> 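The structure follows.
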There are 4 protein chains.
Amino acid sequence: MIIRLDMQSELPIYTQLMNQIIEGIASGSLQPGESLPSVRSMASDLGVNLHTVNKTYTLLKQEGFILVHRQKGVVINPEGMPEITAEYEHKLHGQLKPVVAEAICRGMSQDQLLTIIKDMYKQIAHGRKENI
Amino acid sequence: MIIRLDMQSELPIYTQLMNQIIEGIASGSLQPGESLPSVRSMASDLGVNLHTVNKTYTLLKQEGFILVHRQKGVVINPEGMPEITAEYEHKLHGQLKPVVAEAICRGMSQDQLLTIIKDMYKQIAHGRKENI
Amino acid sequence: MIIRLDMQSELPIYTQLMNQIIEGIASGSLQPGESLPSVRSMASDLGVNLHTVNKTYTLLKQEGFILVHRQKGVVINPEGMPEITAEYEHKLHGQLKPVVAEAICRGMSQDQLLTIIKDMYKQIAHGRKENI
Amino acid sequence: MIIRLDMQSELPIYTQLMNQIIEGIASGSLQPGESLPSVRSMASDLGVNLHTVNKTYTLLKQEGFILVHRQKGVVINPEGMPEITAEYEHKLHGQLKPVVAEAICRGMSQDQLLTIIKDMYKQIAHGRKENI
DNA sequence: GTGGTCTAGACCACA
DNA sequence: GTGGTCTAGACCACG
């Protein structure tokens, strides 16, 4: 899986890395049980600090996306992904609300926005079939 | 218009303030041409430093949501809101993609997500009618 | 002579007013000896504060563009315009340098910039003939 | 690169600093990809507050002259300078018009003004060759 | 009284 | 050590 980091982005590197791994899982290019590079090798591959990769893995583990085995190393959680908890729904609302509000301000219709979401779903889920 | 700030949030205060003003515009509780409190009074109302409010206003001004009239003070842009530019669409995609990806990971169906968006649209646009 | 003020501009009103009067003189729509409205009437015409017009007139007088007679009121200096002093050349350099530097940065050729200046000269001087 | 600030000038410090960095880029003494001092070190070198330098950098970043690399720090935009957009041309006109008008008022011929611009171009572009 | 600018000093997230 | 954020307090230009 190819990872692209933008060193000029306002998003911290560890966040970009997290997002891309989650997108990888969503698209199926990273399958449950599949192993991820060690902290050291990932860091040297990407040319970033150990701490940065470490933080990414720690957060992904906390949320239940990955497991860190002492022997097998880092793997995508083979028992499946975290559930849709109330806490998650709350976070989701908090993330979406300002985005939707700005879209409305700029005069984007509900349909326009829904179409963008659908396209995004298709684009990601499409890869899913190919990769399974 | 009532503004609520969470001083424990990871989001900077000026971002929270920006979001709430944009939501206020989207919901119609802030109408184009309407004036906003001065930096100083807003700051003292919210119990934050005037520089924090100043940063919010500066950013909203740059994006075209508000403008600073030398006589009327700070007002919601009476000429309407910023357009849906290519730049904005790019930003929108960047904001939505990780959110959609995580939703897919957690097994949320496309319809579930679309429903959440629709509800959010309705909730905001509903206030719009009331306030007009 | 029509004066347009932009209340949203970053330039102070008195500066905009000054610039437009100078442009009026340059284009010939304001002739030496011609009289300008009194501070009070100019202020009420434009809907601005007395102090603002006063400041404009004071500055124009200091630089020699206008005279303030106790009886005739405010007139464009009938003895002609201020000279090209060393002080003025210094100011001119200071104004042009950052503008030229940014143009070069953005890859504007010398000819492109000179063409813009020539066009501007023509546009202003053209009015001059019509108005004389 | 040597930077000179005039603490008595009517121009804000952050504007003077901005102008000089842009002039530095135009003259080639600051090359694309080259890194700039950190906010703190620049501030202490110049004897100004770090927020002042910060504002300069923020503005230069917004206009695309520099970018903040998470590893290399602040660098002159290696992908080249911002383009000549319609927005920029509008700003340029607004900056030049009052300057040209005053020059005409004072009886400066078109050729005199063009010569000044050419000299300025040569002076800046001359350094460019030496520095490349 | 308004926004704009500047200073001083502080904490935090990031790498 | 870096930039980003926040606070407190000050002066000035503007209207």
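Treat the numbers as computed from the prediction; the structure is a model and nothing was measured. Below, read A as the first sequence line, B as the second, and so on, with proteins coming before strands; counting in each chain starts at 1.
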> Partners of D/Lys91 by side chain to side chain donor-acceptor pair (under 3.5 Å), sequence neighbours excluded?
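So D/Lys91 forms a side chain to side chain donor-acceptor pair (under 3.5 Å) with C/Glu102.
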> Looking across every strand, which nucleic acid part, if any, lies under 4.0 Å from D/Tyr57 by heavy atom: base, sugar-phosphate, or nothing?
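No contact.
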> What is the nucleic acid contact for B/Ile13, judged by heavy atoms within less than 4.0 Å: base, sugar-phosphate only, or nothing?
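The residue B/Ile13 makes sugar-phosphate contact but no base contact.
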> Nearest nucleotide by nearest heavy atom, which residue falls closer to the 5' end of DNA chain F, B/Thr15 or C/Asn49?
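Of the two residues, B/Thr15 wins.
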> Is it the case that more than 12 heavy atoms not belonging to B/Gln62 sit under 6.0 Å from its CD atom?
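More than 12 heavy atoms, drawn from other residues, nucleotides or ligands, come within 6.0 Å of this atom.
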> Looking at D/Glu34 and D/Lys72, is any side-chain nitrogen of the basic one under 4.0 Å from a carboxylate oxygen of the acidic one?
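Salt bridge: no.
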> For DNA chain E, note the earliest and the latest nucleotide, 5' to 3', having some atom under 4.0 Å of a heavy atom belonging to chain B.
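The contacted stretch runs from E/dT2 to E/dC6.
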> How many angstroms lie between atom CE of A/Met18 and atom CZ of A/Phe65, to the nearest 0.5 angstrom?
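Here the rounded value is 7.0 Å.
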> Just name whichever nucleotide pairs with F/dC6, Watson-Crick or G-U, keeping both distances under 3.5 Å, else none.
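F/dC6 is paired, partner E/dG9.
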> Looking for any heavy atom pair under 4.0 Å, which part of the strands does C/Val48 touch: base, sugar-phosphate only, or nothing?
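No contact.
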> To the nearest 0.5 angstrom, please state how far the CG atom of B/Asn19 sits from the OH atom of B/Tyr14.
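If I round to the nearest 0.5 Å, the distance is 10.5 Å.
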> Need to verify one output field. Residue with the more 5' nearest nucleotide on DNA chain F, D/Arg40 or C/Thr52?
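Final value for this comparison: D/Arg40.
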> For B/Val74 and D/Gln71, take the nucleotide of DNA chain E holding the closest heavy atom to each; which residue's nucleotide lies nearer the 5' end?
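With B/Val74 and D/Gln71 compared, the 5'-side residue is B/Val74.
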> Is any side-chain N or O of C/Lys55 closer than 4.0 Å to OP1 or OP2 of F/dG15?
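So the side-chain polar atoms of C/Lys55 never come under 4.0 Å of the phosphate oxygens OP1 or OP2 of F/dG15.
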> To the nearest angstrom, how far is C/Met18 atom CE from F/dG15 atom P?
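To the nearest whole Å, that distance equals 13 Å.
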> Once you apply the 3.5 Å cut-off to both distances, tell me the Watson-Crick or G-U wobble partner of F/dG1, or none.
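Matched F/dG1 with E/dC14 under the 3.5 Å cut-off.
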> What is the distance, to the nearest angstrom, from the CE atom on D/Met7 to the P atom on F/dC12?
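Interatomic distance, CE of D/Met7 to P of F/dC12: 15 Å.
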> For a quick check of understanding: with a heavy-atom distance under 4.0 Å over all strands, which category does B/Lys61 fall into, base, sugar-phosphate or nothing?
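Sugar-phosphate, backbone atoms only, no base.
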> Can you check whether B/Leu96 reaches A/Leu96 side chain to side chain, under 4.5 Å on heavy atoms?
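Yes, side chains in contact.
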> Taking for each residue the nucleotide of DNA chain E with the nearest heavy atom, is it D/Arg70 or B/Pro37 whose nucleotide lies nearer the 5' end?
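Its nearest nucleotide lies further toward 5', so the answer is B/Pro37.
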> Determine yes or no for a side-chain-to-main-chain donor-acceptor pair under 3.5 angstrom, with B/Ser29 supplying the side chain and B/Met1 the backbone.
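No; zero donor-acceptor contacts below 3.5 Å.
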